*Asks:* 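Sending over a structure as structure tokens; questions will come in a sec.
Since the structure is predicted, the reported quantities are computational estimates derived from the model, not experimental observations. Both backbone and side-chain heavy atoms feed into the values below; hydrogens, waters and symmetry mates do not.
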Number of protein chains: 2
Amino acid sequence: MMSDQVASLIDLFVFKHQRVLEGLPQPTLHVIDSCSNRRRFQNGDLIFKQGDSPKGVFILKSGLVKIVYTSPAGQRTLVYIYKPGDWFGYRQALTMDNNQISAIAIEKVEVDFISNDDFIKLIEEHPKFSHNLLVTLSHEFTIWVKRLSLFTRLSVKTRLAICLLILHERFKSLGQEPTVILFSRPDLADFIGVTIESTVRALSEFKAQGLVAVRGRSIRIKDTQALYDSIGEV
Amino acid sequence: MMSDQVASLIDLFVFKHQRVLEGLPQPTLHVIDSCSNRRRFQNGDLIFKQGDSPKGVFILKSGLVKIVYTSPAGQRTLVYIYKPGDWFGYRQALTMDNNQISAIAIEKVEVDFISNDDFIKLIEEHPKFSHNLLVTLSHEFTIWVKRLSLFTRLSVKTRLAICLLILHERFKSLGQEPTVILFSRPDLADFIGVTIESTVRALSEFKAQGLVAVRGRSIRIKDTQALYDSIGEV
DNA sequence: CGCCCGGTTGAAGCTCTTCAACTAGTGTGG
DNA sequence: CCACACTAGTTGAAGAGCTTCAACCGGGCG
């Protein structure tokens with residue numbers, strides 16, 4: 001169970017991709033279905049790579065996908081975590097610029113893949129689909145503004161707490177009970193935007209306060225509300 | 001004159017809104033023209049306010065517009081600066097969520113205003129326009145990723161330098177010679193995401209190094225390439 | 001005239017990073 | 001199968017960088 005407070009905090013930072021298929025006419029759904037084909041990846045597999053040309057669009061069916069940006073200086077940023085139901089890769093398919101980011105599988109991943117050509121055809125021939133995408137992309141803007149302000153002037157502890165709550169919600173969708181966050185320290189550090197050491201220290205504090213249980217790279221939040229309460233006003 | 005290096009750095013952080021009107025058929029351009037009406041604002045005027053319901057879409061004709069987000073805890077973030085040719089407010093018009101941000105005029109501002117209803121009609125009846133908006137929004141994603149990584153783990157001096165170069169490009173479009181950045185310290189601090197004092201100190205260093213000339217809130221970059229060179233690899 | 005806000009500077013302190021060392025897993029090749 | 005190499009995880013100590021608090025100047029406005 002997740003409290004309203006926690007749920008609405010998370011809402012500030014995650015995309016609402018249910019909207020992509022919302023209210024689509026049956027023929028459109030059928031076309032989407034018929035032009036997509038299933039692909040599978042193992043934990044750690046590269047789904048697409050920064051610098052490559054975009055191949056098409058992915059609809060995540062099971063598992064999680066992390067999006068990573070590496071700056072010219074080699075600085076890694078973990079930009080986003082997709083969960084089942086989310087669409088990704090469609091921005092590159094639209095602009096046809098080379099990928100600015102890499103997509104990497106977390107756990108076993110299944111996706112439905114739609115090629116660039118099919119996707120563009122979908123947009124051109126199905127106005128309601130195109131409109132849904134516009135609304136979805138617009139909503140994502142709001143998320144980025146919040147994310148930016150999260151990264152700015154919030155303490156490492158606060159950022160870690162928020163990131164853990166987001167990860168909890170993401171990993172929850174994998175369906176295991178109890179929900180366990182399986183995430184390496186380097187990934188966690190790149191997600192909250194600090195060094196590994198700072199991440200470890202902040203995590204140890206949460207451990208000492210009894211807010212989380214840690215064993216290796218598996219992190220379990222004992223009480224989401226208590227973790228939320230430790231944040232203070234954002 | 002701006003060097004290629006400086007120009008391509010700035011390209012990483014600014015939207016390309018020329019694409020919105022690119023290749024539109026004459027009738028579409030005509031409809032856009034006929035449903036928009038001119039509005040004027042003075043320096044500091046609120047064009048729309050965080051929390052209000054969206055009224056419509058704005059096409060910036062002259063002056064600059066700053067987009068500000070204020071967190072529940074009162075933390076301000078200067079999210080973006082629009083320049084002539086840019087469109088803004090269309091994301092809210094699409095989602096119809098209340099504004100998450102405020103838009104404030106810098107200098108004398110002229111905009112063309114299109115009401116929500118007219119805008120939605122435009123999208124529904126002009127597929128090429130709708131497609132252009134999709135591409136434009138997709139491109140903006142790239143900008144946000146870069147912006148996020150800029151805010152993460154770069155020093156205040158580096159962030160200030162980049163922000164000054166961005167502001168220089170924005171203010172340049174106002175057409176004054178020489179290009180002068182008219183920007184208060186609090187705004188500058190909210191833009192780079194640090195305290196006012198840190199901003200002032202970093203700016204003083206640039207002043208001491210002869211990279212910028214400062215008089216009150218007017219900042220002139222003496223040599224954009226030299227300022228760029230002071231950054232090091234990003 | 002006094003007040004408030006913007007701009008600036010100094011000093012103190014805290015937060016986060018850096019560097020270094022050590023332990024614990026994990027996979028590879030002899 | 002074990003030696004080893006490599007990465008992940010953890011902790012400590014030192015120090016850089018940024019914030020906070022405080023004080024001061026100056027200009028615009030009621």
*Asks:* Does B:Ser71 use its side chain to pair, donor to acceptor, with the backbone of B:Gln75 at less than 3.5 Å?
*Replies:*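 A pair under 3.5 Å: yes.
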
*Asks:* Which is it for A:Arg91 and B:Glu140 under the salt bridge (Lys or Arg N to Asp or Glu O under 4.0 Å) test, yes or no, and what are the steps along the way?
*Replies:* CA-CA 9 Å; A:Arg91 274 173 291 255; B:Glu140 294 183 4; over 6 Å; no

*Asks:* Are A:Asp187 and A:Arg76 ion-paired here, with the side-chain N under 4.0 Å from a carboxylate O?
*Replies:*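 The answer is yes: the pair qualifies as a salt bridge.
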
*Asks:* Given atom CG of A:Asn43 and atom C1' of C:dT26, what is their separation to the nearest angstrom?
*Replies:*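 Value for this atom pair: 14 Å.
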
*Asks:* Has the side chain of A:Ser8 got a donor or acceptor atom that lies under 3.5 Å from a matching backbone atom of A:Asp4?
*Replies:*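 Yes; at least one donor-acceptor contact below 3.5 Å.
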
*Asks:* Shorter than 3.5 Å, N or O on both sides, protein versus nucleotides 5-8 of chain D: list them out with atom names.
*Replies:*
from: D:dA8; atom 1: O3'; to: A:Arg217; atom 2: NH2; distance (Å): 3.1

*Asks:* Side chain of B:Ile196 only, please: which of D:dT10, C:dT8, C:dC16 is the nearest?
*Replies:*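 The nucleotide sitting nearest to the side chain is C:dT8.
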
*Asks:* B:Ile219 CD1 to C:dG6 C1': how many Å, rounded?
*Replies:*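 From B:Ile219 CD1 to C:dG6 C1': 13 Å.
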
*Asks:* Rounded to whole angstrom units, what separation is found between the CD atom of A:Glu205 and the P atom of D:dT10?
*Replies:*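 Between P of D:dT10 and CD of A:Glu205: 14 Å.
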
*Asks:* Starting at atom CZ of A:Arg153, determine the distance to atom P of D:dG17, rounded to an integer number of angstrom.
*Replies:*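 Between P of D:dG17 and CZ of A:Arg153: 20 Å.
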
*Asks:* Does B:Thr195 make a side-chain N or O approach to OP1 or OP2 of D:dC18 shorter than 4.0 Å?
*Replies:*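 For B:Thr195, the contact criterion (side-chain N or O under 4.0 Å from OP1 or OP2 of D:dC18) is not met.
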
*Asks:* Rounded off to whole Å, could you give me the CG-to-P distance for the B:Asp190 and C:dG7 pair?
*Replies:*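 In whole Å, C:dG7 P lies 12 Å from B:Asp190 CG.
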
*Asks:* Taking NZ, NE, NH1 and NH2 as the nitrogens, is one of them in A:Asp190 or B:Arg153 under 4.0 Å from a carboxylate oxygen of the other?
*Replies:*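 So A:Asp190 pairs with B:Arg153 through a salt bridge.
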
*Asks:* Give the intermediate values and the outcome of side chain to side chain donor-acceptor pair (under 3.5 Å) for residues A:Gln50 and A:Gln100.
*Replies:* CA-CA 5 Å; A:Gln50 190 168 344; A:Gln100 300 285 334; 5.6 Å; no

*Asks:* Between B:Glu110 and B:Arg38, is there a salt bridge with N-O shorter than 4.0 Å?
*Replies:*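 Salt bridge: yes.
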
*Asks:* What is the distance, rounded to the nearest whole Å, between atom CG of A:Leu203 and atom C1' of D:dT11?
*Replies:*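 Roughly 14 Å, once rounded to whole Å.
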
*Asks:* Compare side-chain N and O positions of B:Ser204 against OP1 and OP2 of C:dT8 and report whether any pair is under 4.0 Å apart.
*Replies:*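 For C:dT8, neither OP1 nor OP2 has a side-chain N or O of B:Ser204 closer than 4.0 Å.
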
*Asks:* Write down the protein N/O and nucleotide N/O pairs, taken from nucleotides 21-30 of chain D, whose separation is under 3.5 Å; answer none if there are no such pairs.
*Replies:*
from: D:dC21; atom 1: N4; to: B:Glu197; atom 2: OE2; distance (Å): 3.2

*Asks:* From CZ of A:Phe151 over to P of C:dC16, roughly how many Å is that when rounded to an integer?
*Replies:*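 That distance rounds to 14 Å.
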
*Asks:* With respect to the phosphate group of C:dT17, does any side-chain polar atom (N or O) of A:Ser198 fall under 4.0 Å of OP1 or OP2?
*Replies:*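 Checking C:dT17 against A:Ser198, a side-chain N or O does come within under 4.0 Å of OP1 or OP2.
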
*Asks:* Starting at CD1 of B:Ile192, measure out to CD1 of B:Ile166 and round the result to the nearest 0.5 Å.
*Replies:*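 Interatomic distance, B:Ile192 CD1 to B:Ile166 CD1, rounded to 0.5 Å: 11.0 Å.
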
*Asks:* B:Phe183 CZ to C:dG7 C1': how many Å, rounded?
*Replies:*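 Atom CZ in B:Phe183 sits about 16 Å away from atom C1' in C:dG7.
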
*Asks:* I'd like to know if the side chain of B:Asn99 pairs up with that of B:Gln92 as donor and acceptor (distance under 3.5 Å, no hydrogens or angles considered).
*Replies:*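 Yes, B:Gln92 and B:Asn99 have a side-chain donor paired with an acceptor closer than 3.5 Å.
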
